[in-house]
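Only this structure's heavy atoms are used, side chains among them; waters, hydrogens and symmetry mates stay out.
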Amino acid sequence: MRLSGVGDDKCHGRPASRTVGVSVIVVVSGRSRRAMPVDAAGALAAAPRVREIAWDHKDVQLYHLGIGAGRPATDPRELRYTLESRLHVLPSFATVAGGGAPGVIGTLSAPGVDVDLARVLHGGQRLRLHRPVPVRGRASAASRVVAVYDKGTAAVLVLRTEVTDADGPLWTDEAEVFVRGEGGWGGERGPSGRPSPPPADPPDQIVDRAVREDQALLYRLSGDWNPLHADPEFAARAGFERPVLHGLCTYGATLKAVVDTLLDGDVTRVRDYRTRFAGVVYPGETLRVRMWRTAGTGGAGAGGARTGEARVAVNAVERDDAPVLADTVVRYG
C-alpha cells in the first residue's frame, strides 16, 4: 500500500485545494500522480489491523482541556472534567485514546487503498458506547474497512474500530472518509451524502461556546499533529486565512455541550453519537449548539433516568451561522 505525499506526520510541497462541506485534511505532496482506484474487494476482505492502546487520567484531562473544558476553572461542573479526584470521561475521548493518528488517517493504511492523501476529506464520525470509558485503561483496537461506496466522482470508505479490554467490548468507532476522484468503478452508491436540514421547530436548548484562540494548539497535543491546525503559513498555502480547528475537536466540544445541558453532566448516559462535518471552525469563533429532543423520546431508563435522543446542529456565529456539524444525533440512556 502506498500513500502519495505521506511521510509520518509531515507534509511538504504543493498544497491541496480548499474544500468546504466536510472536515478538511490537507496534506501536500511533492509528487503528483494519479493513484489507482480504490480496490473495494481487497479493502473489504482484508483482516483487521490490531494495535494495543493505553491511557490514563493525564490523557483524559488533556483531551478535556483541548475541547474547551475548565471554564470557569473552579466551577464544580467543570472540575469533573479537569480534576483527577472527580474525573469523568467524556465518551468522545475514544477518538484519541491511545494517541496516534486519527482514524481517518488509519483508513488510508488499509490494504486495497492507494490514494493521494491530498484528495481525502473527513466526512463523518460515529461512536457507539458499550460501557462507560474508564479513566485508566488498556485495550485492543481492531480496525478494518467495512464499507466502500462509489459516488461517481468520489469513493467513500468507512473505517470501523472495535475496542475491547479484559472485561469485553468498550466502544465502536466509525470514520467516514471521502476520497475525491476515486469513484466511477460501478460499485454500490451507498446512502445519500446530502446533510438533512435541522428540525423546523424551535430548538429546546441553545448554547453558545466560545472557542479559545489557542484551542487547536491544545487539542493537537492529543495526537493530531497536522500543521493545518497550527502553522499560519501552511494554512495559507492550503487556502485558509488562518489555521482551522480540528473537526474532532468540534465533535468533542459539541458532545460536552449536550451532556452538560441535557444530561446534567452525566457522561455515562451517552450510548451513541454521530455527526457529519459540514464546515470549518476558526479558533476564536463562537459555536452555537442548537438541540432538539426528538418526538417519542424521554421514557424512563435504569434508575428512572430519562432516555431518548437529541438532534443537534452546530454553526459558527461570526460567519452568519455557517454550518459546522450536521445530521448530529446523540442517543442517551
Side-chain angles (χ1 to χ4, degrees), residues 23 55 59-71 77-78 80-82 87-97 102-103 122 124-135 161 163 170-176 198 203-212 215-216 218-219 222 224 245-278 281 286-294 297 305-316 323-333:
S23 181
W55 64 94
D59 302 304
V60 174
Q61 289 167 294
L62 181 61
Y63 172 77
H64 288 163
L65 292 173
I67 62 168
R71 293 178 295 167
R77 294 170 297 183
E78 293 300 313
R80 60 193 168 198
Y81 294 108
T82 59
L87 196 59
H88 297 174
V89 183
L90 192 70
S92 53
F93 169 74
T95 61
V96 303
H122 192 175
Q125 194 77 23
R126 182 172 185 177
L127 176 65
R128 283 169 285 186
L129 282 303
H130 307 298
R131 286 183 283 130
V133 180
V135 171
T161 300
V163 176
L170 266 175
W171 68 79
T172 301
D173 187 53
E174 290 186 357
E176 187 176 274
D204 295 299
Q205 297 284 345
I206 301 177
V207 174
D208 285 358
R209 290 288 185 262
V211 179
R212 296 167 48 133
Q215 201 72 69
L218 280 171
Y219 183 84
S222 289
D224 188 342
L245 193 66
H246 305 71
L248 286 176
C249 180
T250 305
Y251 181 77
T254 298
L255 182 60
K256 181 179 182 297
V258 172
V259 168
D260 291 348
T261 305
L262 299 183
L263 306 184
D264 195 29
D266 188 351
V267 297
T268 66
R269 293 183 63 190
V270 178
R271 300 291 182 265
D272 189 288
Y273 175 37
R274 62 177 171 84
T275 196
R276 292 189 184 186
F277 296 106
V281 175
T286 304
L287 298 177
R288 177 155 293 159
V289 184
R290 294 177 291 159
M291 311 172 208
W292 293 262
R293 289 190 178 96
T294 59
T297 64
R306 181 177 178 139
T307 65
E309 71 175 35
R311 289 281 306 276
V312 184
V314 184
N315 301 75
V324 174
L325 299 184
D327 288 350
T328 305
V329 177
V330 178
R331 293 191 176 92
Y332 53 89

(Q) Ignoring hydrogens and geometry beyond distance, is a side-chain donor-acceptor pair present between H130 and T172 at under 3.5 Å? (A) yes
Q | Check: Q61 side chain, T82 main-chain N or O, donor-acceptor pair, under 3.5 Å | A | yes
(Q) To check you understand the geometry: which heavy-atom pair defines the closest contact between P198 and R290, and what is its length? (A) CG-NH2, 4.2 Å
Q: Assess whether side-chain contact (heavy atoms from CB on, under 4.5 Å) is satisfied between W292 and D204, documenting all intermediate values.
A: CA-CA 5 Å; W292 293 262; D204 295 299; 4.2 Å; yes
Q: Could you tell me whether a side-chain N or O of R209 sits under 3.5 Å from a main-chain N or O of G68, the two making a donor and an acceptor?
A: no
Q: Apply side-chain contact (heavy atoms from CB on, under 4.5 Å) to the pair Y81 and D260, showing each step before the final yes or no.
A: CA-CA 11 Å; Y81 294 108; D260 291 348; 2.6 Å; yes
Q) Shortest non-hydrogen contact from L90 to H64? A) N-NE2, 3.2 Å
**Q.** Chi angles and distances behind the side-chain contact (heavy atoms from CB on, under 4.5 Å) call for V89, V267
**A.** CA-CA 7 Å; V89 183; V267 297; 5.6 Å; no
Q.
Can a donor-acceptor pair be found, under 3.5 Å and without considering hydrogens, that links the side chain of T250 to the backbone of L248?
A. no
Q) Should R128 and E174 be marked as a salt bridge (Lys or Arg N to Asp or Glu O under 4.0 Å) after you check the CA-CA gap, both sets of side-chain angles, and the distance that decides it? A) CA-CA 9 Å; R128 283 169 285 186; E174 290 186 357; 2.8 Å; yes
Q: Working to the nearest 0.5 Å, report the span between CG of L245 and CG of L287.
A: 7.5 Å
Q.
Looking at E309 and R331, would you say the former's side chain and the latter's main chain have a donor-acceptor pair under 3.5 Å?
A. no
Q: Indicate the atoms forming the closest heavy-atom contact of V135 with W55, along with that distance.
A: O-CD1, 3.4 Å
Q: Apply the side chain to side chain contact (heavy atoms under 4.5 Å, CB included) test between P132 and each candidate in T268, L170, D266; give the one that qualifies.
A: T268
Q: Of all the heavy-atom pairs spanning A257 and M291, show the shortest one and how long it is.
A: O-CE, 3.6 Å
Q: Step by step, work out the side-chain contact (heavy atoms from CB on, under 4.5 Å) result for K256 and V289.
A: CA-CA 11 Å; K256 181 179 182 297; V289 184; over 6 Å; no
(Q) Whether the side chain of H246 engages the backbone of D224 through a donor-acceptor N/O pair (distance < 3.5 Å, no angle test) should be reported. (A) yes
Q. Which of these, L129, V258, T254, sits in a side chain to side chain contact (heavy atoms under 4.5 Å, CB included) with Y273?
A. T254
Q. Side chains of T275 and Y251: closer than 4.5 Å at any heavy-atom pair?
A. yes
(Q) Could you report the tightest heavy-atom contact between C249 and G66, atom names first, then the distance? (A) SG-O, 3.3 Å
Q. Any Lys/Arg nitrogen of D272 or R126 sitting under 4.0 Å from an Asp/Glu carboxylate oxygen of the other?
A. yes
Q) OG1 of T161 to CG of L127: how many Å apart, nearest 0.5 Å? A) 10.5 Å
**Q.** Reported CZ-to-CD distance for the pair F277 and E176, which is rounded to 0.5 angstrom
**A.** 10.0 Å
Q: Quick one: closest heavy-atom pair of Y63 and S222, and the distance?
A: CA-OG, 3.7 Å
Q. Does any non-hydrogen side-chain atom of R212 lie less than 4.5 Å from one of L218?
A. yes
Q: Could you grab the distance from atom CG of L325 to atom CZ of R276, nearest 0.5 Å is fine?
A: 12.5 Å
Q: Taking atom CZ of R77 as the centre, report whether more than 12 heavy atoms of other residues, nucleotides or ligands fall under 6.0 Å from it.
A: no
